[in-house]
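Since the structure comes first, as structure tokens, the remarks are kept for the end.
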Amino acid sequence: MAVRNAVASAPLRQTIIDRCASLDALPDVVIGVLGLLEHPDTEPPELEKHLAQDPILVGKLLSLVNTPFHGANREINTIPDAIMMVGFSGLRSLLLASSLAPHIGTDVGGYGHVKKGIWLHSVAVAAAARALARLARRSPREREELFVMGLLHDVGKMVTGEFMADVDIPLEYRDDVTPLERERLGIDHAEVGARIAEQWQLGPALVTHLRQHHHPEDQEHSLSILRLADAIAHEVGVGWEIGKAPHAVFPAADLALLRLEDGWEDTRCEVAETIVVAVESMQGVFG
């Protein structure tokens, strides 16, 4: 039966891979700024010059900087002030959040999400990952990288969702849907998400983490933080229909690796509060 299913899903797998390759690229302005952010000698005026080509994008960026999630103690009205406040890594996170909202905001069925649920859940995981990275004493750059990982961890569902729309996820697959996706589609949303990140030229490290985020056997700081952030977001339930969110599982190995065992209950509460603020802030900007 497994062989027959694999054969049956082979054409569908290729259809999904082709769909990834045909996705719209990120806007030229975004690609240009992301490229500049990779060079340590880039100066803020160069970034401002590129961003100024897209006033709508600048408006979204400034709106995000001024939300409670970013904690600005004064109103930020200019690109240089925004860059000074959040830094280059933070600018990358904001840029991708602004650019990806229309993509990840696509409604899909079959996974148990509410309307725009993948976007809401992704924001929740991004915020939780950044907060956990701070508590685990990761560098500011790593915190922003984890924010982006969280934002993109389920981006593959915007393609696979079309092919899972008629599926009522059985209880045994609720906590990890990837085996069911591989059985039905010949590919899972983690692999699809990695291919999309490659298509958008978002860097090999991010591609690898997206591909592996459902591999609990992989003990590595970023993956452990991403798994725990995902679990806390499941516990909060943002973006899911009632009773459809996966169970919140906090692997002991991940907690031990990050040295977060002590005071974990308090940590979960703190991160959950961060999720609520982040989701409210993002909804205020993107609706």
Side-chain angles (χ1 to χ4, degrees), residues 1-17 19-20 104 106-122 124-125 128-129 149-150 152-196 209-220 223-257 264 268 271-272 275:
M1 179 65 71
V3 172
R4 191 179 305 126
N5 285 341
V7 171
S9 62
L12 193 51
R13 170 187 170 86
Q14 190 58 50
T15 297
I16 291 170
I17 291 172
R19 191 72 55 86
C20 293
I104 309 177
T106 303
D107 291 325
V108 300
Y111 287 105
H113 288 290
V114 299
K115 186 177 181 180
K116 295 188 177 180
I118 291 179
W119 168 245
L120 295 172
H121 173 65
S122 298
V125 176
M149 287 179 207
L152 285 164
H153 80 290
D154 275 349
V155 70
K157 288 183 178 179
M158 75 181 199
V159 174
T160 61
E162 175 186 344
F163 303 94
M164 295 289 287
D166 62 339
V167 181
D168 186 14
I169 307 296
L171 188 60
E172 63 267 29
Y173 293 110
R174 184 72 53 77
D175 294 345
D176 183 3
V177 73
T178 55
L180 180 62
E181 290 173 328
R182 289 192 289 269
E183 178 184 327
R184 290 179 61 92
L185 311 179
I187 195 168
D188 60 53
H189 74 272
E191 174 64 27
V192 173
R195 288 172 180 267
I196 292 171
H209 285 109
L210 293 182
R211 182 172 280 124
Q212 296 177 338
H213 78 272
H214 276 287
H215 295 185
E217 69 279 5
D218 289 341
Q219 287 295 297
E220 190 263 341
L223 285 171
S224 292
I225 289 172
L226 191 59
R227 279 192 292 266
L228 292 172
D230 201 16
I232 296 175
H234 290 154
E235 190 171 48
V236 174
V238 173
W240 296 91
E241 295 177 12
I242 296 175
K244 293 294 182 71
H247 295 105
V249 178
F250 307 105
D254 289 334
L255 292 172
L257 179 66
W264 177 239
R268 283 163 63 187
V271 173
I275 286 174

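These numbers come from a predicted model, not from an experiment.
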Nearest heavy-atom pair of [X] and [Y]: which atoms, and what distance?
X	Y	answer
D154	I118	O-CG2, 4.1 Å
C20	V192	SG-CG1, 3.4 Å
D166	R184	OD1-NH2, 3.6 Å
I187	I17	CD1-CG1, 4.0 Å
A190	H213	CB-CE1, 3.8 Å
V125	A233	CG2-CB, 3.6 Å

[X] vs [Y] side-chain heavy atoms within contact, under 4.5 Å:
X	Y	result
E181	T178	yes
S224	L255	no
M149	I225	no

- May I ask you to decide if G239's main-chain N or O and H113's side chain share a donor-acceptor pair within less than 3.5 Å? yes
With sequence neighbours left out, what residues match [X] under salt bridge (charged side-chain N to carboxylate O under 4.0 Å, His left out)?
X	answer
E220	none
D188	R182
E191	R195, R211
R19	E162

[X] [atom1] to [Y] [atom2] distance, which is reported to the nearest 0.5 Å:
X	Y	atom1	atom2	value
Y111	H121	OH	NE2	12.0 Å
I232	I275	CD1	CD1	6.0 Å
H215	R227	NE2	CZ	10.0 Å
I16	F163	CD1	CZ	5.0 Å

- Do H153 and H214 make the cut of ring centroids closer than 6.0 angstrom? no
- Message: For a side-chain contact (heavy atoms from CB on, under 4.5 Å) check, start with the C-alpha distance between I169 and M164, then their side-chain angles and the critical distance, and finish with the verdict.
- Response: CA-CA 9 Å; I169 307 296; M164 295 289 287; 4.1 Å; yes
- Which pairs count as salt bridge (Lys or Arg N to Asp or Glu O under 4.0 Å) when at least one residue sits in residues 241-253, sequence neighbours excluded? E241-K244
- Note on the structure: Residues at least two apart in sequence or cross-chain that pass ring-ring contact (aromatic ring centres under 6.0 Å, His included) with F250, listed by chain then number, are W264
